[in-house]
Amino acid sequence: MIDAHPIRRKHRLLTAAAALTLSLGAVVAPATGAAAAESALPSGNTAYRTLADYEDDMAELAARHPTLVKPITLPYKTTSGRTVRGIEISNNVQANDGKPVFVDVGMHHGNEWPSGELTLEFAIDLVENARDPYIADLLDRARVVVVPVVNVDGFVRNRRQNDTNTDMNRNYGLGWLPLSSAGAAPWSEPESRNIAWLLSTRQATVFNTQHTCIQVVLYPPLQLAAGPAQDTPRLHRLATAVAAQYGPTYRALPSAEDYETTGEAIDWAYYATRGLSITSETCPNPGVARTFQTQVLDTYAAHRSAMLEALETTADSAEHAIIEGKAPKDAVLRLTKSFDMYTSPYAQPDGSVRPTSFTTTLTSDLDVARPNGKFRWAVNPSYRPVPAYQADGVRGNQTGFYTEPWILTCERPDGTVLQTTRVNVDLGERVEVDLKQCKRDFHRKDLR
């Protein structure tokens, strides 16, 4: 008989030697006893995955469910030459159809093993329950992108940092400072550039980076001097909803009020895309041993509810914008925006203290597949929040938004641009674009 749930198998247990190498911040032991005999996880696992297990499970999901799951290979290999992989999940997943996106990643820190487990278990859960009416509706309305292990090198070696001794969640460019663990320069590490690519090429309404081991859900900003984010009510509402699912001891608050850092993923993600960006940290209560049982098995049901809150927010039309209209069937629509962002001020080689700049480019596309050419594209607003980090230093308590229109091109599949138009669209707004020129010229042979 063919196993209806091939991923529901027991991964190899950690050896005693491997368990002894775990650091204080890491998890310590696989499940034993009753938990080992029967697991309530979607995969049925009773122990932590190896890297090969993660890759096999994702490949198997994609192979068995090609209309629901699509594999992703991130563009930058790690410092030690390893590949970072993920999956996309949605009904009719192969279609590039403009649904809003939930990006969910684990293990920026390679010794925070439960973060990867929870991330992939939620992906398996969505796939296995894709026919449930509630899940099916969410997957009709949104797309989920999952990267369970961001810091592959760190995970393989069971260490927080990657193989250049950089903390991946201190290397993002916005507000970056040259701290001992932040890397040689902003964006110096391929792992942080991978997540920047992921968020720059998808219209992510919600971005969650999963961590351990405290009981908080955090949102921008990272420094008190930056002042509150422009979308604090929205960010706090999402973080509070997620924290409530984890339990009454969890708090939702700005990251700076927990502890101040620089160069984390959520700050760059929010100020570059205006997507709701959160750091979800799970941990057993004080005094409870950190084991597979307490950090994964006992946490998963709450984690599932928390991530469904994030997915529901993603699908909510009030939390993104809509661009719609008619274009020729088989046309490719592309949205692009490019702008400069800044680090914090720091000592430069010439002796001055000033920020450095870097360019962020957002570009995503949609394939027009309907015979009548109608499309509906869920996008982040074109109005980007002004960050505190500017060319002349840190200017906190910003309240404004940049008016930076999306540049929309209508193209043939071969890349020939037939029409370019600027689109300004704000949160919750719906804008219809006129693509008559593209429709008129799409089949003209003299323009090939």
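Residue numbers count from 1 along this sequence. Every heavy atom of this structure was used, including side-chain atoms; hydrogens, water molecules and symmetry mates were not. Small disclaimer: the values here were computed from a predicted structure and weren't measured.
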Note: Asp57-Arg85 ion pair, threshold 4.0 Å (strictly below)
no

Let me see the working for Thr313 and Phe102 under side-chain contact (heavy atoms from CB on, under 4.5 Å), right down to the final yes or no.
CA-CA 9 Å; Thr313 299; Phe102 172 35; over 6 Å; no

Between Arg159 and Asn165, do the side chains contain an N or O donor and an N or O acceptor separated by less than 3.5 Å?
yes

Taking side chain as C-beta onward, heavy atoms only, is Pro75 less than 4.5 Å from Asn194?
yes

Can you confirm whether Leu61 sits close enough to Ile124 that some side-chain heavy atom of one is under 4.5 Å from a side-chain heavy atom of the other?
yes

I'd like to know whether Asp258 forms a side-chain contact (heavy atoms from CB on, under 4.5 Å) with Ile214, so could you lay out the CA-CA distance, the side-chain angles of the two residues, the decisive distance to 0.1 Å, and finally the verdict.
CA-CA 10 Å; Asp258 183 50; Ile214 48 179; 3.5 Å; yes

Taking all non-hydrogen atoms of both residues, which atom of Asp97 and which atom of Asn92 are closest, and how far apart?
OD2-O, 4.3 Å

Under 3.5 Å, is there a donor-acceptor pair linking the side chains of Glu189 and Asn171?
no

Taking the side chain as every heavy atom from C-beta outward, state whether Tyr134 and Glu312 have any atom pair closer than 4.5 Å.
yes

Charged N-O contact under 4.0 Å between Glu319 and Arg237
yes

Do Leu333 and Leu408 have side-chain heavy atoms sitting under 4.5 Å apart?
yes

Not counting sequence neighbours, which residues clear side chain to side chain contact (heavy atoms under 4.5 Å, CB included) with Lys77? List them please.
Thr83

Tell me whether Gln245 contacts the main-chain N or O of Met307 through its side chain, where contact means a donor paired with an acceptor under 3.5 Å.
no

Salt bridge (Lys or Arg N to Asp or Glu O under 4.0 Å) against Asp132, all qualifying residues, sequence neighbours excluded:
none

Asp140 and Asn91 side chains, donor-acceptor separation under 3.5 Å:
yes

Asp104: which residues meet the salt bridge (Lys or Arg N to Asp or Glu O under 4.0 Å) condition with it, sequence neighbours left out?
none

Pairs touching residues 58-83 that satisfy ring-ring contact (aromatic ring centres under 6.0 Å, His included), sequence neighbours left out:
none

Least distance between heavy atoms, Val105 atom then Val103 atom
CG1-CG1, 4.0 Å

Do Pro387 and Tyr342 touch side chain to side chain, with heavy atoms closer than 4.5 Å?
no

After noting the C-alpha distance and the side-chain angles of Val353 and Tyr346, does the key distance pass the side-chain contact (heavy atoms from CB on, under 4.5 Å) rule?
CA-CA 5 Å; Val353 176; Tyr346 64 96; 5.6 Å; no

Asp163 vs Ser80, test: side-chain hydrogen bond (donor to acceptor under 3.5 Å, both in side chains). Steps then yes/no.
CA-CA 7 Å; Asp163 280 355; Ser80 293; 2.3 Å; yes

What's the shortest heavy-atom distance between Arg304 and Phe122, and which atoms?
O-CE1, 3.9 Å

Sidechain-backbone polar pair: Ser200 side chain, Ala196 backbone, donor-acceptor under 3.5 Å:
yes

Go through the structure and list residues passing side chain to side chain contact (heavy atoms under 4.5 Å, CB included) with Gln398, not counting sequence neighbours.
Gln230, Val386, Arg395

Beyond-backbone contact of Tyr219 with Val242, side-chain heavy atoms, under 4.5 angstrom:
no

Side-chain atoms of residues 172-181: list all donor-acceptor pairs with protein atoms under 3.5 Å, sequence neighbours left out, distances to 0.1 Å.
residue : atom : partner : partner atom : Å
Tyr172  : OH   : His108  : NE2          : 2.8
Trp176  : NE1  : Ala182  : O            : 3.1

Looking only at the side chains, is there a donor atom on one of Gln210 and Thr119 sitting less than 3.5 Å from an acceptor on the other?
no

Are any side-chain N or O atoms of Arg143 and backbone N or O atoms of Glu88, one a donor and one an acceptor, separated by less than 3.5 Å?
no

Qualifying residues under ring pair (Phe, Tyr, Trp, His ring centres under 6.0 Å), relative to Phe401, sequence neighbours excluded
none

Gln223 side-chain N/O to Thr262 backbone N/O, donor-acceptor pair under 3.5 Å:
no

Any non-hydrogen side-chain atom of Arg160 less than 4.5 Å from a side-chain atom of Asn111?
yes

Return yes if a side-chain donor-acceptor contact under 3.5 Å exists between Glu191 and Thr78, otherwise no.
no

Lys99 (side chain) donor-acceptor with Leu139 (main chain) under 3.5 angstrom:
yes

Pair listing, ring-ring contact (aromatic ring centres under 6.0 Å, His included) test, anchored in residues 148-170, at least two apart:
Tyr54-Phe155, Trp113-Phe155

Is a side-chain N or O of Ser192 found less than 3.5 angstrom from the main chain of Met168, in a donor-acceptor match?
no

Any luck finding a side-chain donor-acceptor pair between Asp53 and Thr50 under 3.5 Å?
yes

Just by distance, do the side chain of Arg354 and the backbone of Gly393 share a donor-acceptor pair under 3.5 Å?
no

Can you see which heavy atom on Tyr250 is nearest to which on Ala243, and at what distance?
CB-O, 3.6 Å

Distance in Å, Phe207 CZ paired with Trp268 CH2, rounded so as to fall on 0.5 Å steps:
8.5 Å

Check: Tyr270 side chain, Asp231 main-chain N or O, donor-acceptor pair, under 3.5 Å:
yes

Is any side-chain N of the basic residue among Arg49 and Asp56 closer than 4.0 Å to the acidic one's carboxylate O?
no

Can you find a heavy atom in the side chain of Ser90 that is under 4.5 Å from one in the side chain of Val144?
no

Using a strict cut-off of less than 4.0 Å between a Lys/Arg side-chain nitrogen and an Asp/Glu carboxylate oxygen, indicate whether Asp153 and Arg157 qualify as a salt bridge.
no

Give a yes-or-no answer on whether the side chains of His236 and Thr240 include a donor-acceptor pair shorter than 3.5 Å.
yes

Shortest non-hydrogen contact from Pro221 toward Pro228:
CD-CA, 4.4 Å

Main chain of Ala265, side chain of Asn169: is a donor-acceptor contact present, judged purely on distance under 3.5 Å?
yes

List for me each residue that meets ring pair (Phe, Tyr, Trp, His ring centres under 6.0 Å) alongside Phe358, sequence neighbours excluded, and say none if there are none.
Trp187

Any sub-3.5 Å donor-acceptor pair from Thr212's side-chain atoms to Glu112's backbone N or O?
no

Check the side chains of Thr361 and Thr363 for a donor-acceptor pair under 3.5 angstrom, ignoring hydrogens and angles.
no

Apply salt bridge (Lys or Arg N to Asp or Glu O under 4.0 Å) to Arg376 and list each qualifying residue two or more places apart in sequence or on a separate chain.
none

Please name all residues satisfying salt bridge (Lys or Arg N to Asp or Glu O under 4.0 Å) with Arg170, sequence neighbours left out, ordered by chain then number.
Glu264

Kindly list each side-chain donor-acceptor pair under 3.5 angstrom involving residues 278-285, sequence neighbours excluded, with atom names and distances?
residue : atom : partner : partner atom : Å
Ser280  : OG   : Asn208  : OD1          : 2.7
Glu281  : OE1  : Cys213  : N            : 3.3
Asn285  : OD1  : Gln215  : NE2          : 3.0

Are a donor atom and an acceptor atom from the side chains of His109 and Asp167 found within less than 3.5 Å of each other?
yes

Could you walk me through whether Val216 and Arg251 pass the side-chain contact (heavy atoms from CB on, under 4.5 Å) check?
CA-CA 5 Å; Val216 293; Arg251 300 175 299 150; 3.5 Å; yes

